[in-house]
2 protein chains.
Amino acid sequence: MQHYELVEKVRLLVVDDDPPIADLVATVARYEGWEAVTAYTGEDGLRRAAEFHPDIVVLDLMLPGVDGFGVLDRLRASGTMVPVVFLTARDGVADRVAGLTRGGDDYLVKPFAVEELMARLRTVLRRSAGPAFQRSVLQVGDLTMDEDTREVRRGERLLSLTPTEYEVLRYLMRKSPTVLTKAQILDHVWEYGFGGRSNVVELVVSRLRRKLDETDEGGSPLIHTVRGFGYVLRQAAE
Amino acid sequence: MQHYELVEKVRLLVVDDDPPIADLVATVARYEGWEAVTAYTGEDGLRRAAEFHPDIVVLDLMLPGVDGFGVLDRLRASGTMVPVVFLTARDGVADRVAGLTRGGDDYLVKPFAVEELMARLRTVLRRSAGPAFQRSVLQVGDLTMDEDTREVRRGERLLSLTPTEYEVLRYLMRKSPTVLTKAQILDHVWEYGFGGRSNVVELVVSRLRRKLDETDEGGSPLIHTVRGFGYVLRQAAE
DNA sequence: AGTTGAGCGACAGCTTCCCGACAGCTCCCC
DNA sequence: GGGGAGCTGTCGGGAAGCTGTCGCTCAACT
């Protein structure tokens, strides 16, 4: 995996007036080994940016006081080119367009799934880190996933996955060969606030299996059930 | 083992309005060499958190007065990023917890097994301590247990264990070469309040033996009976 | 040899998992 | 803006695997 090997330890600044959200993002980032700092107002965000020198910023557009765009403008005015990923509420269609045209590097609609946010942050970092040539390709056994082209292959065979299947598989691949519980998968791949305590994960896994292992005789299964615990993606765990 | 060697002595705060439970957890933790403090109300919990500066918190969600969510909010509001493991009753509350765990925190449903709680606490500490990838592997003789992949091997041979077998073996491995009574094993591995005063432990041990020592000639037995007392896991104890 | 504790086969109840069928939703195309 | 296609999640039946009880047998210590 090791994308962004250049960066010692990614420094992330999260600016969101909703403390639980800001902390959520910061916590997840720390668990990835990043350094993360939060700010709950635009002013504070600017202050922290000045002293912390983040490598990337997550910025909510709806801020009391100076709003997201204001923060971005002032960031740029101070000469920093740090990449920014916006967060925005569901409705603001106007916001989306504006966000991108006004210098953001990416944006995400709330409520989002943490894995998706992290994936985007990694992408943005990768792009801004250097020549845009370093592809990010995950690989487990003869299964590969190109995060740029979104192509997933089992050996030669190209798989066609739905968005959810793609996300679940990516999470499994990134964590392989660690065993993940259904709760972990649910928590990371679905939007925060998702209610469905049901067997969604089982279902998606089952669909994934059919596509991955839809064995043209060829393959031993890659997704394994660990009964009473969860799932793993790995080769021939015997 | 010794994950988190950085931390001198883990400082644990337990917040639960049921004193026996809180004390149970604190006692087990102290027995592990941790420092543990208990609080029986949310208010008290916040107070203790402020002065004690725990490394990790066990928090019951059903609290009189300020409930678990309230405590969490106020903890976070005060800027503490201390990781939290939640306790919750079997019913619907579990649903609401889910969202809280995606940061990497965790939760457990009551009644729980003490060893499982300790295992989760260790995992959370390990992950929040640093870059998320330090593996935790237990080893006794030629027997190894990888807590991330849940792979257990006797030499090369991969064993397939059921959840209960896995838990019992983990406990034996963690305590090796200490002799454990059946009561200790029962108390740590089964949920507190478990009725079966029966010979469950014997049975699981017997099943474990068959799998571990299912000797392809290769092995001397690892699980030894100390008649009239209990079991030990160790190499060639004779 | 007797007594007591341990081992373990067999079975039944229960939990967990898998996945077919279906319905609501969204997004896209015409 | 109406119709269609594909995606997502719910429900529920059925299968598989896990757990604990019973009770007999075996081993160890006295």
Side-chain angles (χ1 to χ4, degrees), chain A residues 90-91 93 96 109 111 113 116 150 152 159-169 172 179-187 189-191 193-215 221-232, chain B residues 90 94-95 98 109 111 113 116 150 152 159-169 172 179-187 189-191 193-215 221-233 238:
Chain A
R90 174 73 63 190
D91 48 24
V93 184
R96 306 189 182 193
V109 171
E116 181 162 10
R150 287 181 79 92
V152 179
L159 309 181
S160 131
L161 304 182
T162 70
T164 310
E165 288 162 3
Y166 181 87
E167 292 293 330
V168 170
L169 183 58
L172 284 168
V179 181
L180 302 170
T181 65
K182 283 183 265 193
Q184 285 177 308
I185 298 175
L186 198 58
D187 284 352
V189 172
W190 272 259
E191 305 171 345
F194 174 72
R197 295 271 104 247
S198 59
N199 50 355
V200 227
V201 178
E202 282 175 19
L203 188 45
V204 174
V205 167
S206 141
R207 284 169 180 160
L208 262 178
R209 274 210 254 243
R210 201 175 319 157
K211 291 184 179 178
L212 297 196
D213 301 336
E214 171 191 74
T215 178
L222 285 179
I223 301 181
H224 306 273
T225 301
V226 180
R227 194 153 230 280
F229 197 85
Y231 298 102
V232 215
Chain B
R90 175 74 60 189
D95 301 355
V109 170
E116 182 161 9
R150 287 180 79 93
V152 179
L159 311 181
S160 136
L161 305 182
T162 70
T164 311
E165 288 161 5
Y166 182 88
E167 292 293 328
V168 170
L169 182 58
L172 284 168
V179 181
L180 301 170
T181 66
K182 284 185 260 192
Q184 282 177 310
I185 298 176
L186 199 56
D187 288 347
V189 172
W190 272 261
E191 304 173 346
F194 174 71
R197 294 273 113 237
S198 59
N199 53 352
V200 227
V201 178
E202 284 173 17
L203 186 47
V204 174
V205 167
S206 139
R207 283 170 180 159
L208 262 178
R209 276 210 253 244
R210 199 177 323 156
K211 290 184 179 177
L212 297 196
D213 301 336
E214 172 191 74
T215 176
L222 285 179
I223 302 181
H224 306 276
T225 303
V226 179
R227 200 178 165 79
F229 196 81
Y231 298 101
V232 214
L233 185 77
E238 190 56 27

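Predicted model, so just to flag it, every value in this text is computed and none were measured. We name chains A, B, ... by the order of the sequence lines, and we start the count at 1 in each one.
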Distance, rounded to the nearest Å, where [X] contributes [atom1] and [N] contributes [atom2]:
| X | N | atom1 | atom2 | value |
| --- | --- | --- | --- | --- |
| B/R210 | C/dA10 | CZ | P | 10 Å |
| B/R227 | C/dT4 | CZ | C1' | 7 Å |
| B/F194 | D/dT19 | CZ | P | 11 Å |
| B/R209 | C/dG9 | CZ | P | 12 Å |
| B/F229 | C/dT4 | CZ | C1' | 18 Å |
| A/E202 | D/dC11 | CD | P | 14 Å |
| B/L161 | D/dT19 | CG | C1' | 15 Å |
| A/L203 | C/dT16 | CG | P | 19 Å |

Under 4.0 Å from OP1 or OP2 of [N]: is there any side-chain N or O of [X] that close?
| X | N | answer |
| --- | --- | --- |
| B/S206 | C/dC8 | yes |
| B/K182 | C/dA6 | yes |
| B/W190 | D/dT19 | no |
| A/T225 | C/dT16 | no |
| A/Y231 | C/dT16 | no |

Show your working on side chain to side chain contact (heavy atoms under 4.5 Å, CB included) between B/K211 and B/T162 and close with a plain yes or no.
CA-CA 11 Å; B/K211 290 184 179 177; B/T162 70; 4.2 Å; yes
What I want to find out is whether B/E165 reaches B/R207 closely enough, with some N-O distance under 4.0 Å, to be called a salt bridge.
no
Minimum-distance pair of heavy atoms, taken over all atoms of B/P163 and A/G228:
CG-CA, 4.2 Å
Quick one: closest heavy-atom pair of A/V189 and A/E167, and the distance?
CG1-CB, 3.6 Å
Indicate whether any N or O donor in one side chain lies under 3.5 Å from an N or O acceptor in the other, for A/T225 and A/R209.
yes
Got a donor-acceptor pair under 3.5 Å from the side chain of A/R207 to the base of C/dG20?
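Flag unset: no donor-acceptor pair detected.
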Does any N or O donor sit under 3.5 Å from an N or O acceptor when you compare the side chain of B/N199 with the base of D/dG23?
yes
For the helix from C/dA1-D/dT30 to C/dC30-D/dG1, what angle separates the axis at the start from the axis at the finish, each from five pairs, in steps of 10°?
30°
Run the side chain to side chain contact (heavy atoms under 4.5 Å, CB included) test on B/Y166 and B/L208 for me, step by step, so that the C-alpha distance in whole Å, both residues' side-chain angles and the decisive distance to 0.1 Å come before the verdict.
CA-CA 9 Å; B/Y166 182 88; B/L208 262 178; over 6 Å; no
Audit row: B/V226, B/Y231, side chain to side chain contact (heavy atoms under 4.5 Å, CB included) steps and yes/no
CA-CA 6 Å; B/V226 179; B/Y231 298 101; over 6 Å; no
